[in-house]
Amino acid sequence: MEEKSSVAQCIMAPHIPLTQYYADESTRAGFIREMFDSTAEDYDLIERVLGLGRGSWYRGTALERAGLKTGMKVLDVGIGTGLVAREAVRIVGDARLVTGLDPSPSMMEQAQLPGVTLVQGFAESLPFPDASFDFLSMGYALRHISDLSAAFREFQRVLKPGGKLCLLEISCPASPLGKFILKNYMRRWVPLVAMVVARKSNTRQLWRYYWDTIEACVPPATIVAALDEVGLRDARRYIDVKIMSFFSEYQATKTIK
């Protein structure tokens, strides 16, 4: 199932400031960095509980669906604990072909991916030369960057001509029932699981914040339009109907000149 957008508009932040967590947009980056640094030890544990053992399979399938193949050079933006990068290594066949970037050193310390290059940095200002990578991925981190337009321009810049992009994200369901179910799952069930199994006291807050960013995030059509605007072609949102409709895969390709 495919969803294509013809909407063209300029966007910056992926959502309005969530002032119940931080004062304003200028303080958001510091809040996010501290939150992920302080909960890094729990992240994979909670993900395994909630993913029901299917998380790795889905991430790998999505990467292959977007065009990742053996031998490609990959940049994983927002690598975190390496959940997406681990699948990329398996597909490309050589950990040295994969580079991960994240603003949180504590999250990257949990990655444990020998051979993968880890770089501290931000999506809006990638510390890599033009046309450096065949494939760029981002797993569930789009809602945490500060400027979508700036990040997408950087993604376009560091991709080689013909390079592929795959952004995995959770989108707020369009139907009231779907939204009600996911909201209660993310704001009640997930924090409850975190309270039982987590080691860090603010892990519950992390997962509550996750839902609030999902609910406030700009719609999928706006994200597709922003990819179009920076010159990435064939930008689209892919939904795997065999999974769940709120799992979005944003795909695009850098133009071959």
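Numbers here simply count residues along the sequence, with the first being 1. Owing to the predicted nature of the structure, the values given are computational and were not obtained by experimental measurement.
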(request) Give me the ring orientation class for F128 and F133: parallel if the planes are under 30° apart, tilted from 30 to 60°, perpendicular past 60°. (result)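 Plane angle over 60°, so perpendicular.
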(request) Name the orientation class of the two ring planes belonging to Y21 and Y209 (parallel below 30°, tilted from 30 to 60°, perpendicular beyond 60°). (result)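 Rings of Y21 and Y209: perpendicular, over 60°.
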(request) Check R237, K164, R65 against E249 for a salt bridge (Lys or Arg N to Asp or Glu O under 4.0 Å) and give me the one that passes. (result)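 Of the listed options, the one satisfying the test is R65.
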Is [X] salt-bridged to [Y], going by a charged N under 4.0 Å from an acidic O?
| X | Y | answer |
| --- | --- | --- |
| D212 | R208 | no |
| R143 | E169 | yes |
| E215 | K179 | yes |
| K73 | D134 | no |

Indicate yes or no for a side-chain donor-acceptor contact from [X] to the backbone of [Y] under 3.5 Å, with no hydrogens or angles considered.
| X | Y | answer |
| --- | --- | --- |
| Q120 | P105 | no |
| S132 | P129 | yes |
| T39 | M35 | yes |
| D147 | A150 | yes |

(message) For a side chain to side chain donor-acceptor pair (under 3.5 Å) check, start with the C-alpha distance between S146 and E25, then their side-chain angles and the critical distance, and finish with the verdict.
(response) CA-CA 8 Å; S146 63; E25 190 64 26; 5.7 Å; no
(request) Determine whether more than 12 heavy atoms belonging to other residues, nucleotides or ligands lie under 6.0 Å from atom CZ of F31. (result)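 Enclosed.
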(message) Using a 6.0 Å cut-off, check whether atom CZ of R90 has over 12 heavy atoms from anything other than its own residue.
(response)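 Count over threshold, so yes.
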(request) Evaluate the criterion side-chain contact (heavy atoms from CB on, under 4.5 Å) for residue pair I170 and Y140; output intermediate values, then yes/no. (result) CA-CA 7 Å; I170 300 175; Y140 311 108; 3.9 Å; yes
(message) Could you measure the distance from the CD atom of E34 to the OG atom of S104? Nearest 0.5 Å is fine.
(response) 10.0 Å
(request) Enter the distance from D130:CG to L159:CG here, rounded to the nearest 0.5 Å. (result) 11.0 Å
Do the side-chain N and O atoms of [X] and [Y] include a donor-acceptor pair separated by under 3.5 angstrom?
| X | Y | answer |
| --- | --- | --- |
| S137 | D76 | yes |
| R33 | H144 | no |
| S149 | E229 | no |
| S248 | S171 | yes |

For a 4.5 angstrom cut-off between non-hydrogen side-chain atoms, does [X] reach [Y]?
| X | Y | answer |
| --- | --- | --- |
| V74 | L136 | no |
| C166 | F135 | yes |
| E64 | I91 | yes |
| P17 | Y22 | yes |

(request) Assert yes or no for the condition that the ring centre distance of W207 to Y43 is strictly below 6.0 Å. (result)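 For W207 and Y43, the ring centres are under 6.0 Å apart.
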(message) Is there a side-chain contact (heavy atoms from CB on, under 4.5 Å) between T99 and V119? Walk through the geometry before answering.
(response) CA-CA 8 Å; T99 298; V119 178; 4.2 Å; yes
(request) Evaluate the side-chain contact (heavy atoms from CB on, under 4.5 Å) criterion for residues Y250 and R236: first the C-alpha distance (whole Å), next the side-chain angles of each, then the deciding distance (0.1 Å), finally the verdict. (result) CA-CA 6 Å; Y250 297 99; R236 64 174 185 164; over 6 Å; no
(message) Please identify which of these residues, T253, L232, D234, meets the side-chain contact (heavy atoms from CB on, under 4.5 Å) condition with L165.
(response) L232
